Protein chains: 2
Amino acid sequence: MARKIAERSDIVPVLGEIFRERGFAGASLSEITQRTGLGKGSLYHFFPDGKEEMAKVVLDDVADWFETNVFVPLGTAEDPEVGIDHMFKATVSFFHSGRRVCLVGTFALDDTRDRFAEVIHAYFAAWTKALASALRRRGFGIKAARATAEDVVAGIQGALVLARSQDDPGVFTRAIKRLQARTKTAPAA
Amino acid sequence: MARKIAERSDIVPVLGEIFRERGFAGASLSEITQRTGLGKGSLYHFFPDGKEEMAKVVLDDVADWFETNVFVPLGTAEDPEVGIDHMFKATVSFFHSGRRVCLVGTFALDDTRDRFAEVIHAYFAAWTKALASALRRRGFGIKAARATAEDVVAGIQGALVLARSQDDPGVFTRAIKRLQARTKTAPAA
DNA sequence: GTCTATAAAGCGATAGAC
DNA sequence: GTCTATCGCTTTATAGAC
């Protein structure tokens, strides 16, 4: 199964980690060549438009993963509670219990957002929408479902910031528990 | 009142905006010279250690502002509810209703955190602690106060991310309202 | 205190051999 | 598909005149 010839999909995860750690502006081609083990020639063969294309592919990859592993289950699980609980599990797993930041969130904060405005907007919109839909099916009213969905998605992002600031994954896992509890009962009017 | 000779304090706010917009890695000295109107000579006169010192001074400036305008009122207001409500007002104002990101949060997400770990840690720890203390005085139990404080501080950070991703300050102001409501009554055990 | 000139290093990107 | 060599530019930082 070992291939000598690299495929683009082999290095996308590595690129993801680099962009997460350094941000878009801070990710240098020299670090990318080192950590992927590929020369610039190979990199530009796979990504003719350079760093911008690398980031775009990584963003699309993340969006695809969430679409398949989180958003679709949220919408299709027969029991919406199962879909929601699965979302929290997948989230904790994907973000390594708060040790790994959200690439899309990181890009959203500085001027990198403007480069990738569409993907970034779509990612969070899809998440919020899928969760609100599941909450509706759980019996939440339209407004409560939307509000709680926004609350949970923002809460996850904020917990990642806070956990990293304190260098304490416990901050993240505690936040997840509270957020999950909030999806069990609709808030008072 | 017009001074020709610049003071360091005159340009700190400008530096703050640049770092907020570009992040630490993305903020270039050429943009800093342009937007401050000062040459490199002047900049290195005020900040001998260059960009790193500029960022440090801005971080300290932000921390001081919050200490004075948010954390102290939280702890000293006779009526803790007044202090908490003031915190939300000051927060909405400081972050321009979600149009301005949190510098400390932005720095916390990527490897910039490691450069300024202490200030970043202290900022969020102080915020959480001051809010928890006010909630205690409002009648929250110790655990409820801590949990709600973490919830609110994380919620604010997440709302900034989400609002920027959607390019919609409404996301932020709605979140603030929900978070504020959550400080009025202790959550069920 | 402010400026211009300059240095040295690193950047993203390209060319061309293999 | 992968590499090395190189281009042109920008970067942070320094030196020294005023």
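Residue numbers start from 1 in every chain, and the chains themselves are labelled A, B, ... in the order their sequence lines are given, proteins ahead of strands. Side-chain atoms are counted along with the backbone in the values below, which use heavy atoms only and exclude waters and symmetry mates. Here the structure is a predicted model, which means the values were calculated and not measured.
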Engineer: Taking ring-ring contact (aromatic ring centres under 6.0 Å, His included) as the test, write out the residues that go with B:F116, two or more places apart.
Structural biologist: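 B:F116 satisfies ring-ring contact (aromatic ring centres under 6.0 Å, His included) with B:F24, B:F107 once adjacent residues are dropped.
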Engineer: Return a table of donor-acceptor pairs under 3.5 angstrom between the side chains of residues 74-84 of chain B and protein atoms on other chains or two or more places apart.
Structural biologist:
{"unit_1": "B:T76", "atom_1": "OG1", "unit_2": "B:V72", "atom_2": "O", "d": "3.0"}
{"unit_1": "B:D79", "atom_1": "OD1", "unit_2": "B:E81", "atom_2": "N", "d": "2.9"}
{"unit_1": "B:E81", "atom_1": "OE2", "unit_2": "B:K184", "atom_2": "NZ", "d": "3.0"}

Engineer: Please give, in whole Å, the distance from D:dG1 C1' to A:F47 CZ?
Structural biologist: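 Checked: the CZ to C1' distance equals 14 Å.
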Engineer: Name every residue in residues 22-31 of chain A that has at least one heavy atom under 4.0 Å from any atom of DNA chain C, in order of residue number, or write none if there are no such residues.
Structural biologist: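 Heavy-atom cutoff 4.0 Å gives A:A27, A:S28, A:L29, A:S30.
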Engineer: Polar pairs (N or O, both sides) under 3.5 Å between protein and nucleotides 14-18 of chain D?
Structural biologist:
none

Engineer: To the nearest angstrom, how far is A:L15 atom CG from C:dG12 atom P?
Structural biologist: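 So the two atoms are 13 Å apart, to the nearest Å.
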Engineer: Contact between A:F94 and A:C102 at the side-chain level, heavy atoms closer than 4.5 Å - yes or no?
Structural biologist: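 Side-chain contact under 4.5 Å: no.
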Engineer: Please report the distance, rounded to the nearest Å, between CZ in A:F19 and C1' in C:dG12.
Structural biologist: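 Roughly 12 Å, once rounded to whole Å.
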Engineer: In whole Å, I'd like the distance from the CD atom of B:E52 to the C1' atom of D:dT11.
Structural biologist: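 Whole-Å distance recorded here is 16 Å.
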Engineer: Residues two or more places apart in sequence or in another chain: which of them pass ring-ring contact (aromatic ring centres under 6.0 Å, His included) with A:Y123?
Structural biologist: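 A:Y123 satisfies ring-ring contact (aromatic ring centres under 6.0 Å, His included) with A:F66, A:W127 once adjacent residues are dropped.
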Engineer: May I have the distance from B:L43 (atom CG) to C:dC3 (atom P), rounded to whole angstrom?
Structural biologist: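 For the pair B:L43 CG and C:dC3 P, the rounded distance is 9 Å.
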Engineer: Under the salt bridge (charged side-chain N to carboxylate O under 4.0 Å, His left out) rule, collect the residues that match up with B:R174, sequence neighbours excluded.
Structural biologist: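 Per chain and number, B:R174 pairs via salt bridge (charged side-chain N to carboxylate O under 4.0 Å, His left out) with A:E150.
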Engineer: State which residues pass salt bridge (charged side-chain N to carboxylate O under 4.0 Å, His left out) with B:D60; sequence neighbours excluded, sorted by chain then number.
Structural biologist: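 Expected list: B:K56.
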Engineer: Please table the atom pairs, donor to acceptor, closer than 3.5 Å between any side-chain atom in residues 157-164 of chain A and protein atoms at least two apart or in another chain.
Structural biologist:
{"unit_1": "A:R164", "atom_1": "NE", "unit_2": "B:A108", "atom_2": "O", "d": "2.6"}
{"unit_1": "A:R164", "atom_1": "NE", "unit_2": "B:L109", "atom_2": "O", "d": "2.9"}
{"unit_1": "A:R164", "atom_1": "NH2", "unit_2": "B:D110", "atom_2": "O", "d": "2.9"}

Engineer: Just jot down the side chain to side chain contact (heavy atoms under 4.5 Å, CB included) partners of B:R136, sequence neighbours excluded, or say none.
Structural biologist: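 B:R136: side chain to side chain contact (heavy atoms under 4.5 Å, CB included) contacts with B:I142, B:A145.
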Engineer: Report the distance from atom NZ of B:K51 to atom P of D:dT10, rounded to the nearest whole Å.
Structural biologist: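 Rounding to the nearest Å, NZ of B:K51 and P of D:dT10 are 16 Å apart.
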